[in-house]
Every structure is written in structure tokens, then in C-alpha cells.
Amino acid sequence: MATGELMTGAEIVLKALADHGVEHVFGYPGGAVLPIYDEIFQQDKVKHILVRHEQGATHAAEGYARSTGKCGVVLVTSGPGATNAVTGLTDALMDSIPMVCLTGQVPTHLIGNDAFQECDTVGITRPCTKHNWLVKDVNDLARILHEAFYVATHGRPGPVVVDIPKDVQFARGKYVGPKNIEHKTYRPQVKPHQDAIRAAVDLIAKAKRPLLYTGGGVINSGLVASKLLREFVKLTNIPLTSTLMGLGAYPAAGKNWLGMLGMHGTYEANMAMHDCDVMINVGARFDDRITGRLDAFSPGSKKIHIDIDPSSINKTVQVDIPVVGDVAHALEDIIRVWKAKSHELDKKAMAGWWKEIDGWKATNCLKYKANKDVIMPQYAIERLYALTRDKDVYITTEVGQHQMWAAQFFKFEEPHRWMTSGGLGTMGYGLPAAVGVQMAHPKSLVIDIAGDASVQMTMQEMSTAVQYRLPIKIFILNNQYMGMVRQWQQLLHGNRLSESYSEALPDFVKLAEAYGCVGLRAEKPSELDDKIKEMIRSPHPVLFDCRVAALANCFPMIPSGKAHNEMLLGEDVSDEEVGSAIDARGKELV
Amino acid sequence: MDKVVASSQPQSAYFLDMSKKEVETHTLAVVADNEPGVLARVIGLFAGRGYNIDSLTVSETIHEKHVSRFTIVTTGTPKVLTQIKHQLERMVPVHSVADLTVQGNSIARELAMVKVAGTGEKRMEALRLADAFRARVIDASTESFIFEITGKPDKVDQFISLMVPIGLVEVARTGVAGISRGAEGMRV
Ligand SMILES: Cc1ncc(C[n+]2csc(CCOP(=O)(O)OP(=O)(O)O)c2C)c(N)n1
């Protein structure tokens, strides 16, 4: 269609999606978006994936975005369609995932009348989006859609909502293409100030116990950022730890890798964080799951913080050198200046620092008691990793103990391979996220490491997987408990397991069959490998019921209110010690 | 190896000063697109993150560009005040934010309409005080006045408190508008 010709609002939506290179939209129809669905029916550039619940659409779009670096797109109807999307929008906001969510709205003249399926979508989603728009005039629609993609993907990525009343979808208006589209005023700072870069390099060069602490920002910045990070580590031999969101930016097989840090991070990562003298935070945000007790957080270090969002800097932890900008740009500049000045770290100091770190590593903090008769959850993930490591594999998770064990025991060598709900901690994220990932990577092995409670929150998306022949593997560590809740009740509430036992779990194998996919069960360590292999071989979606030890705890752990050097190590900690590990003040924390 | 590592480690965790930090009151000027919902966005930020709003004024200032200017008076620790500024700056429709208190060289003014009722000597006293404060009479009846007063907020406060014993009925205040001195303007 020639530019300038009149199009309906619904046609404009589809044209804009195509012009932004959108191939997949996750959605669910309803009265207020029927004109758009009618357009979808009449074209074949944009493929629509019909989910079973709008929350599923948002998580699928998140998985899609996180595994590709592209923007996820969601389409839902007004009222309940929009409110069902709120969890996924919030999740994407917390984890900085680019997403454009289009919502239908009642016709403009009915807005404010409590019309059928009306809700104040822009009001409800204002605090859980990076920005949102209500389109009242079809002639604004194209511009707003282009702005929406721009805002979602530039600066710190995030979700946006465009609310489109039904009359606007029918009305005819002009389409303008996305060329040179930007927002009129929104200009995030991408290139860092060179003074900050020089100050950072000078500080690193003088360090005797430096540590890199990297986060999801490295992943968001793109493959180049991960490459530069690896180059910088090679150049300096600085040890590196990462947040949950940053796993894979630096390879787990790399010799400078200390493992994840934070509440369930490794002993060596947390001790190094506590004792370093220069901390280089690259695209992480000092989340409370990372810092533990703030007044005892890395008390002796000078801190550099690279972040594209200035409001992340000095929010919780005061830093010495803020570097505002995109991670890839900042790392490129740092490497250039480092090389130009031919810097080298103090060899003797570094040898000492590494020696100390190796000492901490020797505690082997992830070790657990093996068991011949019962599958230990850690063992299950170790086996899953071992049997898939030569495969092109993507991992998503739900939320709970299994998520932490996955982060500890599955090794990621590349970015974009690990999809998890970090900031919001949304149970039910992993299954629909796997749907989204598999849609983007049809040939790859996509596994959701799940818990028996979480997986039931969005279980209905199995039906989506079956419909689109997406062979996702749902690997359920079935401990019959909301394990993480049970662990906290043991730690904090005298082991009174209030409502954390899942009675009447479904038979996951039969459930799989009911959905028309494959169900597998492993109950003994001896049969685990074969069953996992069977799962991998299957060309169908699989629900894998992996029966694991019911009462295993996730260690190591920094109890709430404690410092990094006050970790609780797993191996042979007694139940009493678990019960008294957190003091009264810590109990008030989450 | 010890199971709980705390006691076996060198005492390297030290306690930083935990005492309550002094709070300060700052005046922020915010230039933003005058688009639907922009006021709700700004207020929502303050409500959602638990920041204080002592006073807020907003009006479109450049009609052709649909640009509005907010003046927000807020109270918090220096760290929170910096956060507020950054949180405002990252909002998509916000063009620029200035902390007029940090910049130092700025003027703040407020307008109030003050209704006072009384007769006889009380009436004379009200007029005398109004004269001293350069308040104008903008409405009068046989037993009441409405004064219009502009000035710094504390001058307005003082005028109002002096009117209480005389017969203060009600007050409408605009809230503070602020601007920096000199030739420089904010980025729009
Ligand atoms: C939507 C939602 N509701 C509640 C919680 C609180 N929560 C965190 S972990 C957890 C238990 C998860 O149990 P399960 O999925 O079985 O995993 P496990 O911890 O046993 O591995 C709960 C209820 C949450 N994170 N998300």
C-alpha cells in the first residue's frame, strides 16, 4: 500500500508490526480486538500464536525476547485480557525485557462509562510499564506504534502498552512508515563520559583484589557486550561473578568464573565480593538478593558501576565511579584506554588474591549428600546438564528451589540461553517462556526446569505447545512441596509447614497424555539417565515428572539480614542450625 | 570446615552509621510533554516509591510545543532526593529536571487568596497587616475581605497565621512555582 493512502487502524497495526520486522505475536482474541484479528487472518507476514491465558502470552513474549535479543509482542483484548497481562508486564519491567503489548479498548465514546469489558488499562499498567499510550485518534496510531517499539528497545529495555479503542481500529487514517522514528524527547545516554571511563580504568589498574560483578545488562546490551567482557577478563585476569540474570555472559567453563553470587550464590563468589578492593559492577543493580545486609556489603571496596539507567546508580549502594551508558560501549572504551595505557595489574597481589579465592573454592560449597535410592534434586540437574551439554539447549525456569539449583548446577557458556524470572520471581513463568523460546528456535532443545507447584500456574500452555508442535521439555523437580516456602518455614517459623505441602498433585504423566504430549516419570537415580535421554529424543512436548527428595534444602544460603561472609553452607548443617540461622531482625526481611 | 562461617572469619564486616540521616526540603522544576496522564505519572511515581510531595504546581508553559512545567517541593534524605531526580528524568515524557535548591540561585513564589471575616477594629487590623505584607484586597463585603498575597511560602504562612485571631475563614493556595535566576533557562 502506498504511503499516504488511508488505512484502517487495524491495518495500520499489522503494517507497523511488519515494518518493525515482527514475525511472531503472542495473543488471545476478544471483542475489543476483533478488527485486528480480522487483519491477522488476511495476511501472512506476522504469525499469531494463540496462548491459553494472557499471562502466558506475556511470558512467551519474554522468553522470545530474552532468547533472541528482539522485542516480544503481545496482543490481548480489553478488560480481563489486559488485567491478565499485568503480571507479565511487571515481570518484564523488573527484568528489563523489551516488549510491546497491544491491548484492545472499548470504543472511545464509551471510555469512562463502565462499559462491558472496560478497564482503565493505561491507569492499571502505568506503574508496570516503561511507558504507555491510549490512542484516541487513528492518525496518531502509526506514530505511537513506532514510538512504542523505540521506547521498548532503547535505553534500559522494558515493556510498553498501546491501548487501542475499537473505533480507532475501524477508523481510517494515514500510515507513516517507521523511518527515522524516535521519540520526540526520550534520548537515553548510550555512550559513557570519557572522564568516567578514565577514572574507572585508573582505579582498576591500581587494584590488588579486583572483582567483576556482572548482571542482566550485559545480556541486554547484546552479544558484543559478552564478547567484550570476555576480552577484558582475558586482558586482566580479574575474577568474575554474576547475578542470576547475567548467567552466560561469561562462560561457566571460563577459568575466571566464580559462579553466581547472592543469597544462593557460591561461597567463593560471595567471599570475593565481601573482600575485594575494587568492584566493577557491569550492568547489575545491587538487588537485595545480591547485597544481603547492606551495611556489611563489600565494606572495603571502591565501586565502579556501569549502568544505562542513571536511577540505578547510588539507589541502594553508594558507588565511587558511576559510568552511565550502554555496557558494550563502556567495555569497549575501558578496553581501549586500558590497552593505550599498557596497564597491567600488580602480579604479586593478583597471585595472592587468586590463591585466596582458590582456598574458598576448595570448600566445594555446592556439594550435597548423594543418595542411592532417592533422586537428589541437585543430582537431577547435574545429569540433565551432562546429558544435554553437547546440544543446542535453552533453559527456562519457574520460581523456587529448582530455579536456584538450576542456576547453581546448570552451566551456561553463552548469553541468551537462560530465561528466568529474577526481579519479580513469578511462578508460572517458565512453561510459557519455553513456548516463546521454542517458537524463536524451532530446532533447539528447550527445557523448562520446573517445580511441581509453579508449573501448575500456567500448565494450560501445554496445549499451546501441542497446537504449534513445539517440543518443549518440562522437567519437573517434583518434591511435592512448595520447596522454597517450606525451606523458609523451616528457617524462620519453627518448621511449621503452613500450607506449603501440595496435596492432590495431578498425575503428571496422565496429564501429559491428556494434553496429547508425552509423559515420563523417574523415581530412582538408576533410571534417571535413560529417562532423560528418552525425553531428549522425543520429537514431542514432554512433561517429565522427576520425583526428588522431598525435604532437600537449597544451600549455600545467606540468611536474610546477614552479610556475605556469614553464609550457611549446606553439606552437614543440622536442622537446629537451620532453625536458628536467622535472628529476629532478619525475620522481618523477605 | 565450619558450617556457619561467620565466627571463623576475620571481623571484616563493619557497621556503617545507621543513624537516621537528616532530611532536607528541595524544590524541583520538571519540564515534560503535556500529554494525557503525565500528571498521574509523576504523582504515581511519588506515591509508588513512597516519596513525599509537600507542594506541586503544574501548568502548560509552551502551548505550541505542548510542554508543561511542574514545580515540586519534596522532602527526603539527600540520597532519596537524588533518586527522585533520576526517577523523574527516566520517565519517557520528561525532558529535563532541575533541583533548584541544589543549584542555589533560584526564586520560589506562591500565591494565596485569604478570606477574613470581622467587623470594627478587627477589620482595620486586617487592612493594616495586609498593607504591611503588600497583600491586595480583591473582594470585600461589609463583614469580610479576600486578600491576594504573593511571596515566598513562609511569608504567605506568616500572613495566614496573623489572620487567624482576626477571623480567618478559608485559604486557597497555588503551591510553589520556582525558577532559577540569571539568563540561563531549562532544556525544553
Ligand atoms: C505467583 C507466585 N506466587 C507465590 C510465590 C511465592 N513462592 C516462591 S517459591 C514458591 C514455591 C515454589 O514451589 P515449587 O514450584 O514446587 O518449587 P520448589 O521450590 O519446590 O522447587 C512460592 C509459593 C511466587 N514466587 N510467585
Side-chain angles (χ1 to χ4, degrees), chain A residues 122-123 126-127 129-134 136 147 150-151 155-156 158 160 183-188 267 270-271 274-275 293-300 309-316 318 324 362-365 556 559 562-574 577-578 580-581, chain B residues 1-19 21 30-51 62 65-68 77-97 187-188:
Chain A
V122 285
R126 199 174 284 129
T129 53
K130 186 172 168 188
H131 197 60
N132 62 15
W133 294 260
L134 169 63
K136 285 190 161 165
E147 279 185 9
Y150 179 85
V151 170
R156 182 175 178 173
V160 299
H183 188 269
K184 357 179 218 214
T185 48
Y186 180 65
R187 297 278 178 287
Y267 182 61
N270 286 329
M271 289 303 289
H274 188 268
D275 285 0
R293 203 175 101 196
L294 265 181
D295 60 350
F297 173 67
S298 194
D309 178 359
S311 77
S312 281
I313 290 170
N314 291 336
K315 183 168 64 180
T316 48
Q318 198 70 25
V324 176
T363 59
N364 192 11
C365 67
K562 295 280 163 103
H564 278 175
N565 60 348
E566 299 175 287
M567 281 200 99
L568 214 53
L569 289 165
E571 174 63 342
D572 24 43
V573 68
S574 71
E577 279 163 313
V578 171
S580 61
Chain B
M1 182 182 62
D2 283 337
K3 282 158 263 169
V4 180
V5 186
S7 49
S8 65
Q9 288 305 310
Q11 261 304 327
S12 50
Y14 53 76
F15 294 83
L16 303 175
D17 180 21
M18 290 287 281
S19 63
K21 292 267 169 27
V30 181
V31 176
D33 290 328
N34 183 21
E35 60 181 31
V38 68
L39 177 60
R41 235 175 257 290
V42 170
I43 292 174
L45 171 74
F46 278 75
R49 292 187 183 262
Y51 306 145
I62 311 175
K65 287 192 181 169
H66 300 291
V67 166
S68 284
T77 61
K79 189 171 164 175
V80 166
L81 292 166
T82 311
Q83 256 301 297
I84 292 176
K85 181 164 182 279
H86 285 149
Q87 291 288 348
L88 285 166
E89 279 167 339
R90 82 201 269 253
M91 302 186 107
V92 172
V94 168
H95 302 202
S96 54
V97 183
R187 191 168 66 80
V188 282

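Protein chains get the first letters and strands the later ones, always in sequence-line order, with residue 1 at the start of each. All values reported here derive from a predicted model rather than from experimental measurement. Scope of the values below: all heavy atoms of this structure, side chains included, with no hydrogens, waters or symmetry mates.
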Candidate pair Gln318(A) and Lys79(B), rule side chain to side chain contact (heavy atoms under 4.5 Å, CB included), full reasoning: CA-CA 9 Å; Gln318(A) 198 70 25; Lys79(B) 189 171 164 175; 4.2 Å; yes

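- For chain B, the nearby part of His183(A) is the side chain; its heavy atoms alone come within less than 4.5 Å.
- Taking 4.5 Å as the limit, every side-chain heavy atom of Lys184(A) sits out of range of all side-chain heavy atoms of Pro93(B).
- When heavy atoms are compared at a cutoff of 4.5 Å, Val151(A) approaches chain B solely by way of its side chain, counted from C-beta outward.
- In this structure, the side-chain hydrogen bond (donor to acceptor under 3.5 Å, both in side chains) partners of Arg156(A), at least two apart in sequence or on a different chain, are Ser96(A), Asp309(A), Ser312(A).
- When all heavy atoms of His86(B) and Pro310(A) are compared, the closest pair comes out as ND1-O, 3.6 Å.
- Contacts between residues 36-46 of chain B and chain A, counted as heavy-atom pairs separated by less than 4.5 Å, involve Gly37(B), Ala40(B), Arg41(B).
- Of the options Val94(B), Asp33(B), Val31(B), a side chain to side chain contact (heavy atoms under 4.5 Å, CB included) to Thr185(A) is made by Asp33(B) and by none of the others.
- Using a 4.5 Å cut-off between heavy atoms, Leu134(A) does not touch chain B at all.
- Applying the side-chain hydrogen bond (donor to acceptor under 3.5 Å, both in side chains) test to Lys85(B) and every residue at least two apart in sequence or in another chain returns Glu89(B).
- Contacts of Lys136(A) with chain B are absent, with no heavy-atom separation under 4.5 Å from either backbone or side chain.
- For Thr316(A), the part sitting under 4.5 Å from any heavy atom of chain B is the backbone (N, CA, C, O) and nothing else.
- The backbone N or O of Val80(B) lies less than 3.5 Å from no partner atom in the side chain of Lys315(A), so there is not a single donor-acceptor pair.
- A search for ring-ring contact (aromatic ring centres under 6.0 Å, His included) contacts involving Tyr186(A) returns nothing, not counting sequence neighbours.
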